[in-house]
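Structure record follows, encoded as structure tokens.
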Amino acid sequence: MITIYLPDNNSRTLPQGSTGMDLANSISKSLAKEALVIRMNGDLKDLSEPLLDQAHVEIIMRSQPEALEVIRHDVAHLLAEAAKELYGDDLQVTIGPAIDKGFYYDFAREKPFTPEDLETLEQRMKEIVDRDEQIHREVWDRDKAVAFFKSIGEQYKAEIINDLPAGEPISLYRQGNFLDLCRGPHAPSTKRIGKAFKLLKLAGAYWRGDSKNPMLQRIYGTAWTSEQDLNDYLYQLEEAEKRDHRRLGKDMNLFHIQEEAVGSIFWHPKGWTLYKTLKNYISHKLDKAGYVEVNTPELVDRKLWEASGHWDKFGQNMFTVQTDEDKTLAVKPMNCPCHVQIFKQGSKSYRDLPLRMAEFGTCHRNEPSGALHGLMRVRRFTQDDAHIFCTPEQINAETKSFCDLLLSVYKDFGFQDVMVKFSDRPDVRAGSDAIWDKAEGALKAAIEEAGIPYSMNPGEGAFYGPKLEFVLKDTLGRDWQCGTWQVDFVLPERLDATYIGEDGEKHRPVMLHRAIFGSFERFIGVLIEHYAGKFPLWLSPTQVVVATITNAADAYAQQVLEKLKQVGIRAQIDLRNEKISYKIREHSLAKIPYIFVVGKQEAEQETVAVRIFGQDTQRVDALSVALSTIVNEAKMPDA
RNA sequence: GCCGCCGUGGCUCAGUGGUAGAGCGCACCCUUGGUAAGGGUGAGGUCGAGAGUUCAAUUCUCUCCGGCGGCACCA
């Protein structure tokens, strides 16, 4: 007999060789029916796993959060089994993990899958669920497993096994006629997986994520523990699409992109108003934080980029211009070398440090065509860039005050949870290992002193130094890096920046590269989605529309408009020969924050009927009151 | 850049081997209406570009350009 302990600390005694399923059955029939896997001594295992004596065992039911990942992985296997049944002759399976919200499976197959194939596959997957195939785990000998997969033409699987670390048990899962290499754990049978899944999209993906490898066909799907959750998720996806910044940008007439300038934004009056408002806001913040603003050239001789290292490391992605004097100029991809040039004008003393040099610098990078994405990934963008020249001793304090500044900015837009990633040295880099040790150490010490939680992002640093990336999510769950903070000992060296220290000797400053929005383009993209186009009053391109009920009020409406403009409110007027409900509807759909409705009554009494977006009530205010109220409410945060 | 899908009036989309349609928007007319669509009339498209097949291509084939979804990339 063996003894096991349940989560409530009760123990149970079972015959030697009893499994998780035996345990579940011994507790209750309903539990056994709902059970998916067990957790034994902390690890998830199959229900068929023999229990160890003295083990701590928890039965995981489909309603528990841990079940989700198991189910998603199970559904990936369903997909693979269905694909083998339907297209087995010319198809190899590779890998199919659970991911956030679902799963994918990568197949090697000459013929492309079609959207109709997805339906066929999904149908077959549901049939496999109905078949209620038992899912068995088998442990195989390594060589035998490799030989087996080779014999059935599954080269990719054979390759995976070959690359598994020695000593790792080779476990295979069998369901019906389908046998797959897999770590598990899995549900005990296909029926138990349920049918709360849907195949969503087809995509290409490189074998092992390397663009030198062949491209596989990836099928993405979503899977949940209940139909309800599935439907909720699908609904959520639809809602998210509605706030896609590319759609809203078009609907709201903010900007456009056209093929003569791929990856560059044509800002329309409304979008540009938004942009200018943000610039005004952040300028104000930077002023208060002790930055000075500069402006530097866009076209700079390649010699400078060679000296900085950009030409060597990223020349491929730089746009260049040949002059008739046979010089090569590069369109700047970053502002930092130019800022060093300003720093180097005249001599600098330790008393000048830290020198915080900001620029709304417009940069161009020749991003791969497939990377472009609305405002989020563009070839021409303007950064809220700055470089802080300081001493090594000043790094910690600067890091702390930058993080404070950044978080206060994000908070003004309602971004509360910001992911911070620590990116350390990349393979392609400048500077010695000793310098990198120093820079990474300094950054780590600084972030830890600032007390900000972060996760590691190995190998993703800039070529000149490690960085912190501040990441926001778009509505479709994609991550976008906005803010950045980088410690750089390399560029000051390469571009020979110095200052005179207290000792009268020359010293190297440290350069801290930083941005809060990242780029205006991306940040506006994130904001459009974040607010679903319903901008707060201070940001809204049009803050008020004055709408008339009858043209008898036209003259008065004009006066109201003038007064609004005089107090700095962005206002428009709607004198069209339309009913007031028509105008209300139209401006509400355009997400205008305030509508001032004026008719005969308002004209006679010098009032306006104020209608606020999102509320279907109205209040009538004296014009002077309405003006002072809106001026007050339209102030930018922290003004 | 790679794989797949897509490209029709300003917008959203339907459709066909015999040179195209809807709704919204737009213009004009009637209506002056009190808080999310009043009515009528009308204009507007070389069906992404080029080549090929065909008596005939917007429709089929190829190439290119662009968009979308991923992958790779993201200093």
In whole angstrom, give me the gap between the C1' atoms of U59(B) and G7(B). 14 Å

Of all the nucleotides listed (G34(B), G66(B), A75(B)), which has the minimum atom distance to the side chain of E259(A)? G66(B)

Kindly say whether the aromatic ring centers of H513(A) and Y464(A) come within a distance under 6.0 Å. yes

note: D554(A), atom CG; G33(B), atom P; distance rounded to Å ~ 13 Å

Donor-acceptor pair under 3.5 Å, R377(A) side chain vs C74(B) base: yes

Closest to the Y582(A) side chain, choosing from U35(B), G38(B), A75(B): G38(B)

Phosphate OP1/OP2 of A75(B): any K313(A) side-chain N/O under 4.0 Å: no

Inter-nucleotide P distance (G66(B), C29(B)), Å rounded: 44 Å

Checking N1-N3 plus N6-O4 or O6-N4 for Watson-Crick, or N1-O2 and O6-N3 for wobble, each under 3.5 Å, the partner of G45(B) is none

Closest nucleotide of RNA chain B for G461(A) versus for A609(A): which of these residues is on the 5' side? A609(A)

Looking at G34(B), does its base get a donor-acceptor pair with the side chain of E602(A) below 3.5 Å? yes

Check the side chains of D117(A) and Y87(A) for a donor-acceptor pair under 3.5 angstrom, ignoring hydrogens and angles. yes

Spacing of the P atoms in U58(B) and U16(B) (rounded, Å): 16 Å

Is any N or O donor-acceptor pair between the side chain of Y206(A) and the base of G1(B) shorter than 3.5 Å? yes

Check this one for me: any side-chain N or O of K467(A) less than 4.0 Å away from OP1 or OP2 of A75(B)? yes

Quick test of the criterion, 5.5 Å between centres and less than 30° between planes. Is F314(A) stacked on A75(B) or not? yes

Please give the distance between the P atoms of A43(B) and C28(B) as a whole number of Å. 15 Å

Using a cut-off of less than 4.0 Å, is there contact between a side-chain N or O of H373(A) and OP1 or OP2 of G70(B)? no

Side-chain donor/acceptor contact of S581(A) with base of U35(B) under 3.5 Å: no

Could you check which nucleotide pairs with G33(B) in any of the strands shown, counting Watson-Crick or G-U wobble with both distances under 3.5 Å? none

